Amino acid sequence: MVKIYHDSDVDLGVLDNSKIAVIGYGAQGRAQALCLHDSGLDVVVGVRKGGPSWDKAQEDGLAVAEIPEAVKGADVVMVLVPDEVQPDLYVEQIQPNMKNGAALEFAHGFSIVYDLIKPPANVDVIMMAPKSPGDMERVAYLEGFGVPALVAVEQDASGNAKAIALALAKGIGSTRAGVFETAFEFECKSDLFGEQAVLCGGVTALIKAGFDTLREGGYPAEIAYFEVLHELKLIVDLIQDGGLMRMWQVVSNTAEYGGLTQRDKVITEESKKGMKEILANIESGKFMEEWRAEWRNGLHNLKAMELSEGEEEIEQVGEGIRSLFERR
Ligand code: NAP
Ligand code: MG
């Protein structure tokens with residue numbers, strides 16, 4: 001059983017008198033820095049001068065410093081720049097300036113699990129990973145709630161590592177929803193698997209295959225778009241609210257019967273084999289090597305794939321349809 005922490009289990013006071021450097025001010029950095037600041041903690045944002053984040057953080061009313069300066073005085077260093085840039089940034093700007101006994105914090109285990117960052121023995125290495133995009137995290141906090149988060153400890157130099165990770169989670173409101181204790185390895189590998197096999201990769205492949213099947217059968221593009229893409233959110237919202245059973249209860253009996261009897265034609269034993277291969281490549285580090293190489297080569301393949309996805313008919317027709325829903 002995974003241990004779950006709530007508000008009353010966690011003491012924000014462990015961060016009293018702590019300086020928290022939030023390195024990076026993007027999706028996670030901005031949301032987390034603002035929430036921690038609003039929770040009364042001492043936050044400084046570390047970003048490069050001249051980049052878009054610098055002005056944004058200042059406009060938001062936060063203390064801003066260059067990365068080495070922000071790291072120097074910090075008791076907690078939150079590494080919230082993209083995973084690809086973390087290893088070099090760590091070696092060049094973070095590690096040389098980190099104070100003895102500081103806590104090094106991540107929102108995803110990638111750099112640590114694949115040994116791309118090797119912290120010294122005298123720092124805590126912790127994770128606080130909100131299970132949400134940054135903007136939704138901020139909205140939930142402002143509504144007086146929070147999004148669920150995972151915490152983990154990879155290295156406990158101070159003896160206080162878990163308490164710090166939990167306090168950070170409380171600071172962004174996550175203990176109101178629930179904070180789950182895990183390990184770097186589990187978080188990292190299951191997160192990669194989820195986004196590849198089901199969430200980002202799996203679901204887009206499913207949508208595209210459904211769209212193509214209807215188009216090849218002679219159905220109009222607009223109708224196909226509604227059936228396989230637009231309505232997906234309605235179904236997923238039901239599943240998120242009340243699990244698979246809630247969805248089955250709400251849809252028509254025809255949809256329930258058809259769905260339950262026909263779905264194995266789509267996701268087959270072959271598909272499951274593919275999923276196992278995805279997981280194996282994540283576990284062995286093969287995917288990590290491939291992604292690091294792509295990044296080092298300037299992301300040429302990624303950009304080409306993105307371009308060709310954007311040119312697909314489902315995207316073209318979707319743009320027109322979505323513009324109808326914009327509230328004027
Ligand atoms: P992001 O939005 O892409 O980060 C952008 C920030 O990183 C900007 O402030 C940018 O500064 C800075 N940055 C980029 N390259 C830099 C470089 N070479 N040197 C210095 N600063 C640089 O990142 P993110 O999506 O929030 O991800 C941060 C971490 O959170 C990752 O570990 C990720 O896996 C994890 N995570 C993300 C999400 C999510 O919602 N996206 C969810 C859970 C966990 P400039 O403005 O100067 O370019
Ligand atoms: Mg994820």
Side-chain angles (χ1 to χ4, degrees), residues 7 10-82 85-86 89-90 93-95 97-108 123-130 132-147 149-151 158 160-177 179:
D7 247 3
V10 179
D11 177 16
L12 196 61
V14 300
L15 294 173
D16 281 352
N17 309 316
S18 293
K19 191 166 208 73
I20 301 171
V22 176
I23 308 305
Y25 201 67
Q28 284 301 324
R30 180 164 192 255
Q32 294 194 30
L34 287 170
C35 295
L36 295 173
H37 173 79
D38 289 353
S39 292
L41 299 170
D42 183 5
V43 173
V44 57
V45 174
V47 284
R48 46 190 174 183
K49 221 172 197 155
S53 296
W54 182 279
D55 292 340
K56 208 166 175 199
Q58 274 190 336
E59 280 159 25
D60 288 342
L62 296 174
V64 185
E66 299 238 39
I67 295 167
E69 296 315 309
V71 171
K72 264 177 201 160
D75 303 283
V76 181
V77 178
M78 303 178 74
V79 185
L80 297 178
V81 294
V85 314
Q86 289 178 10
L89 189 79
Y90 175 78
Q93 301 189 50
I94 296 180
Q95 173 150 352
N97 298 299
M98 225 173 7
K99 110 181 174 188
N100 219 329
L104 187 64
E105 193 267 358
F106 296 86
H108 180 36
V123 301
D124 292 340
V125 181
I126 57 179
M127 180 191 320
M128 194 274 287
S132 156
D135 49 358
M136 282 167 64
E137 208 173 295
R138 181 64 180 154
V139 169
Y141 179 89
L142 291 173
E143 288 171 355
F145 203 60
V147 297
L150 308 180
V151 294
S158 67
N160 221 7
K162 187 155 103 187
I164 296 170
L166 285 168
L168 292 170
K170 185 168 186 168
I172 68 158
S174 287
T175 41
R176 298 198 193 111
V179 175

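Nothing here was measured: the structure is a model prediction, and the numbers come from that model. All residue numbers in this chain count up from 1 along the given sequence. Just so you know, these numbers use all the heavy atoms, side chains as well, and skip hydrogens, waters and symmetry mates.
In this structure, NZ on K99 lies 13.5 Å from NZ on K72, to the nearest 0.5 angstrom. With values rounded to the nearest 0.5 angstrom, L104 atom CG is found 9.0 Å from Q95 atom CD. Taking CG of N160 as the start and CG of D124 as the end, the distance is 7.5 Å to the nearest 0.5 Å. Between S53 atom OG and I23 atom CD1 the span is 11.5 Å, to the nearest 0.5 Å. The distance from the CG atom of N100 to the OG atom of S158 is 11.5 Å, given to the nearest 0.5 Å. Atoms CD1 and CZ, on I172 and R138 in that order, are 11.0 Å from each other to the nearest 0.5 Å.
Between the side chain of K170 and the main chain of D7, a donor-acceptor pair closer than 3.5 Å is present. A donor-acceptor pair is defined here as one N or O able to donate and one able to accept, closer than 3.5 Å; no such pair exists between the side chain of D60 and the backbone of L62. Of the possible polar contacts, none joining the Y141 side chain to the A31 backbone as a donor-acceptor pair under 3.5 Å is found.
Taking each heavy atom of A21 and A70 in turn, the nearest pair found is CB-O, 3.5 Å. Across all non-hydrogen atoms, the minimal contact from E105 to V76 is CB-CG1, 4.4 Å. The two atoms that bring V43 and A63 nearest to each other are O-CB, 3.8 Å, heavy atoms only. Closest approach of Q93 and P68 over heavy atoms only: OE1-CD, 3.4 Å. Across all their heavy atoms, A57 and V64 have their closest contact at CB-CG2, 3.6 Å. Residues W54 and E66 share a closest heavy-atom pair of CZ3-N, 3.7 Å.
For the pair M128 and Q32, the minimum side-chain heavy-atom distance is below 4.5 Å. Counting heavy atoms from C-beta outward, V79 and Y90 have side chains that stay 4.5 Å or more apart. With a 4.5 Å cut-off on side-chain heavy atoms, L15 and L36 do not count as touching. Looking only at side-chain heavy atoms (C-beta outward), L41 and L12 come within less than 4.5 Å of each other.
With sequence neighbours excluded, no residue forms a salt bridge (charged side-chain N to carboxylate O under 4.0 Å, His left out) with D135. The salt bridge (charged side-chain N to carboxylate O under 4.0 Å, His left out) search around D55 returns none, not counting sequence neighbours.
Under the 3.5 Å distance criterion, with hydrogens and angles disregarded, a donor-acceptor pair is assigned to the side chains of Q28 and E137.
Applying the side-chain hydrogen bond (donor to acceptor under 3.5 Å, both in side chains) definition to pairs two or more places apart or across chains, those involving residues 42-51 are K19-D42.
One finds no salt bridge joining E59 and K56 here, because no Lys/Arg side-chain nitrogen approaches an Asp/Glu carboxylate oxygen to under 4.0 Å.
Looking at I20, V151, I126 one by one, the single match for side-chain contact (heavy atoms from CB on, under 4.5 Å) with I164 turns out to be I126.
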